[in-house]
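Atoms considered below: every heavy atom in the structure, side chains included; atoms not considered: hydrogens, waters and symmetry mates. Each chain gets a letter, A, B and so on, in the order its sequence line appears, and its residues count up from 1.
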Amino acid sequence: MNIEQHIVAATVNAVKELYHQDLPEAQVSLQDTRLEFEGQITIVVFPIVRYSKKSPEVTANELGEYLVAHIEEITAFNVIKGFLNLSIATHYWVDLFNSELLKPDFGKIAPNGRKVMVEYSSPNTNKPLHLGHVRNNLLGYSVSELLKANGAEVYKVNLVNDRGIHICKSMLAWQKWGNEETPESSGLKGDHLVGKYYVIFDKEYKKEIEALKLEGQTEDEAKKNAPLIKEAQAMLLAWEAGDEQVISLWKKMNNWVYAGFEIRYKNLGVDFDKFYYESNTYLLGKGTVEEGLEKGVFFKKPDGSVWIDLTADGLDQKLVLRADGTSVYITQDLGTAQMKYDDFKMDESIYVVGNEQDYHFKVLFLILDKLGKSWAKGLYHLSYGMVDLPSGKMKSREGTVVDADDLIAEMVATAKQKTEALGKVDHFSEEEKESLYYKIGMGALKYFLLKVEPKKRLLFDPAESIDFQGNTGPFIQYTHARIKSLLSKAGHKEGVEVDSKIELSGTEVEMIILLAKYPSEITLAAKAFSPASLANYIYEVAKMFNKFYHEIPPLVKEEDEQLKQHRLNLSWVTANILKSGMRILGIEVPERM
RNA sequence: GCAUCCAUAGCUCAGCUGGAUAGAGCAACGGUUUUCUAAACCGUAGGUCAUAGGUUCGAAUCCUAUUGGGUGUACCA
């Protein structure tokens with residue numbers, strides 16, 4: 001039983017003895033004592049005055065007397081308004097530190113047997129990645145790692161959007177204007193090459209539209225009648241019919257893209273347990289539609305199209321199958337959801353997809369629930385906000401995007417320049433330097449994207465490059481490296497407990513309390529699917545260490561062995577938390593920098 | 001129109017299931033290095049938590065309305 005549970009139980013007993021009332025445990029509200037007051041743990045007594053029938057001050061004082069008398073570790077109390085601040089004996093914190101935080105498995109949460117699937121990334125094969133996609137990848141990866149850290153068994157999957165009219169557009173443009181250009185001949189990364197032709201298509205298509213408008217067609221007519229779009233549509237039909245030439249072109253170009261993806265995923269440090277390809281799943285879902293018709297969840301209109309009426313749920317009528325019997329987006333997703341469940345039988349399934357699809361997923365989950373799928377309640381759309389530029393939204397076709405590869409290169413270059421300016425790594429080998437610049441650059445980028453709550457839109461200003469100071473990845477990396485250096489210089493011995501009778505400073509007690517929260521912070525962040533919440537905690541830990549480090553005299557010269565060992569222990573635990581916490585965010589921390 | 005999300009310091013963001021005087025970073029200003037890494041630390045300044053009501057002993061947090069912004073509302077994906 002930890003001290004908090006002790007206090008809650010004792011408070012319930014106190015109310016029983018003092019006021020002859022049964023106080024529900026949930027009414028005992030504990031919080032950290034604010035720094036300006038004495039004590040470490042505070043009871044908010046307002047909820048208790050209903051039971052004591054006395055003023056908050058009197059109640060707090062009576063409870064304080066009782067707790068000091070009944071809990072050995074409570075040494076003193078003070079009352080400020082309705083707040084009862086409790087001082088806990090230093091030896092309690094040292095004991096806690098020795099017995100829990102110093103253990104090698106501290107921060108490891110036991111497996112809970114839950115299986116969770118996380119789908120993320122889900123790229124198109126016709127355009128290169130921009131910053132918005134980077135957010136998706138980092139978020140998906142780190143949420144997966146977070147859930148793992150919280151004890152779940154996690155499958156990361158990637159549903160590749162490798163077919164459809166948009167892919168045909170790139171293929172067609174390449175066929176017409178590509179002159180057999182390849183990644184090798186052009187020196188372009190595969191996805192960039194394919195993306196280039198997607199842009200060319202759009203440009204030529206727009207020209208045709210303009211020309212048709214001059215001939216007197218309306219915008220809508222021109223869009224439908226332009227020869228290029230008709231050709232692309234014909235190509236899609238040929239693809240669906242299995243036309244050999246089209247398929248082979250499709251394979252060739254997709255393979256270029258996949259080669260590019262591999263490099264990128266490696267650069268980003270993300271991975272997957274399984275890839276699904278839409279070219280294999282796009283026909284799925286028709287069985288589900290049949291099932292829905294049988295169950296009377298769907299209905300058929302006279303033209304043969306199949307619908308669901310969600311007006312009772314505050315939504316609209318939604319088409320689930322076209323009149324010609326072909327699938328729409330949601331048909332596919334119904335089928336894919338079923339397939340994923342059949343594959344993994346997971347308890348929860350997370351879709352990491354931008355917030356422009358909030359409505360789609362609401363409908364999807366509702367339909368699956370209405371179809372009586374027991375697993376539908378485990379579906380969750382992890383919706384995240386757009387990454388905006390100061391000029392507004394990023395649009396791939398208008399070239400107002402921050403290209404992922406460019407940005408990564410830029411971050412690494414900035415890291416190099418900043419590191420060299422500090423002049424601390426001159427004696428590093430070239431390999432170590434390169435690896436360091438990469439870690440720092442990526443650390444800055446990843447932390448920048450992950451520290452913001454997923455739901456919120458994120459503003460990226462290319463003119464003000466991402467910071468390396470303050471609440472940033474490099475700050476945390478630096479703190480870690482600094483601790484590592486300290487530990488080795490001071491000759492730290494791992495896992496050696498110290499006598500609980502040593503004296504601690506206020507900062508040291510605060511630090512133990514903060515460090516002890518690590519497991520519960522993981523759980524909290526995992527429940528909220530929020531790497532941002534963990535990032536915030538890690539930052540607090542790093543900041544706390546720097547404050548501590550600054551306050552204490554140099555440890556290498558410390559003569560009190562117990563004190564020295566304990567301070568090194570504190571540093572060591574801090575470094576471990578920074579490292580494993582950052583790992584959950586997908587960020588590496590260097591041993592020295 | 002309807003649905004949905006967002007609004008906190010000049011800028012970028014925290015603020016846990018409602019709890020004390022709303023916190024960080026950046027930018028600005030001042031200070032700290034004969035001592036373990038100054039990518040650090042300490043301090044000053046900066047707020048009508050969009051607005052108005054409501055619930056509550058207590059609201060940035062919950063409810064309602066309003067304003068401003070994003071997104072969605074296709075037999076596109």
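- Applying the 5.5 angstrom centroid cut-off and the 30 degree plane-angle cut-off, the aromatic ring of Phe46(A) is stacked upon the base of G19(B).
- With C1' as the reference atom, G43(B) and U4(B) are 45 Å apart, rounded to whole Å.
- In this entry G43(B) has C29(B) as its Watson-Crick or G-U wobble partner, both defining distances falling under 3.5 Å.
- A65(B) is paired with U51(B) under the criterion used here, namely a Watson-Crick or G-U wobble arrangement in which both key atom distances are under 3.5 Å.
- No aromatic stack links Phe475(A) and the base of A39(B), using centre distance under 5.5 Å and interplanar angle under 30°.
- Contact check, Lys557(A) against C36(B): no side-chain N or O comes under 4.0 Å of OP1 or OP2.
- One C1' atom belongs to G23(B), the other to G47(B), and the distance between them is 11 Å to the nearest Å.
- Among A39(B), A20(B), U37(B), the nucleotide with an atom closest to any side-chain atom of Arg592(A) is U37(B).
- Listed pair Lys456(A) / A14(B) meets the phosphate criterion, a side-chain N or O lying under 4.0 Å from OP1 or OP2.
- A side-chain donor-acceptor contact under 3.5 Å links Tyr359(A) and Asp316(A).
- Rounded to the nearest Å, the gap between the C1' atom of U48(B) and that of A9(B) is 13 Å.
- Using a 4.0 Å heavy-atom distance criterion, Leu459(A) is classed as a sugar-phosphate-only contact.
- Lys424(A) contributes a side-chain N or O that forms a donor-acceptor pair with the base of U37(B) under 3.5 Å.
- Straight-line distance between the P atoms of A60(B) and U67(B): roughly 24 Å, to the nearest whole Å.
- A side-chain N or O of Ser505(A) and one of Glu508(A) form a donor-acceptor pair less than 3.5 Å apart.
- Nucleotides U61(B) and A22(B) have their C1' atoms positioned 11 Å apart, rounded to a whole Å.
- Here Asp316(A) lies in heavy-atom contact (under 4.0 Å) with sugar-phosphate atoms only.
- When the side-chain nitrogen and oxygen atoms of Tyr478(A) are compared with OP1 and OP2 of A39(B), one or more of them lie within a distance under 4.0 Å.
- For G69(B) and U8(B), the C1' atoms lie 16 Å apart once the distance is rounded to whole Å.
- No engagement by Lys418(A) is indicated, since no non-hydrogen atom pair under 4.0 Å with the nucleic acid exists.
- A tilted orientation is assigned to the rings of Trp572(A) and His492(A), their planes being inclined by 30° to 60°.
- For the OP1/OP2 pair of G70(B) and a distance below 4.0 Å, the side-chain nitrogens and oxygens of Arg457(A) include no atom meeting the criterion.
- Salt bridge annotation for Lys340(A)-Glu119(A): present, with a cationic side-chain nitrogen under 4.0 angstrom from a carboxylate oxygen.
- With a 3.5 Å ceiling on both atom-pair distances, the Watson-Crick or G-U wobble partner of G23(B) is C13(B).
- One finds a side-chain N or O of Ser485(A) lying less than 4.0 angstrom from the OP1 or OP2 phosphate oxygen of U37(B).
- Contact annotation: side chain of Thr472(A) to base of A39(B), donor-acceptor pair absent below 3.5 Å.
- At the phosphate of C16(B), neither OP1 nor OP2 sits under 4.0 Å from any side-chain N or O atom of Lys527(A).
- No cation-pi contact links Arg457(A) to Tyr384(A), judged by a cut-off of 6.0 Å to the six-membered ring centre and 45° from its axis.
- Thr479(A) contributes no side-chain N or O that forms a donor-acceptor pair with the base of A39(B) under 3.5 Å.
- Taking only side-chain nitrogens and oxygens, Lys81(A) comes nearer than 4.0 Å to OP1 or OP2 of U21(B).
- As the counterpart of C76(B), no nucleotide is assigned, since no Watson-Crick or G-U wobble pattern has both distances under 3.5 Å.
- Here, A59(B) and A50(B) have their P atoms 15 Å apart, quoted to the whole Å.
- No hydrogens or angles considered: a donor-acceptor pair under 3.5 Å links the side chains of Arg482(A) and Asn546(A).
- When the side-chain nitrogen and oxygen atoms of Arg34(A) are compared with OP1 and OP2 of A22(B), none of them lie within a distance under 4.0 Å.
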Exercise. Apply the test ring pair (Phe, Tyr, Trp, His ring centres under 6.0 Å) to residues Tyr351(A) and Phe365(A): give CA-CA distance (whole Å), side-chain angles for both, the deciding distance (0.1 Å), then the verdict.
Key: CA-CA 11 Å; Tyr351(A) 293 80; Phe365(A) 298 163; 5.7 Å; yes
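- Contacts of Pro47(A) with the nucleic acid, taken as non-hydrogen atoms under 4.0 Å apart, include base atoms.
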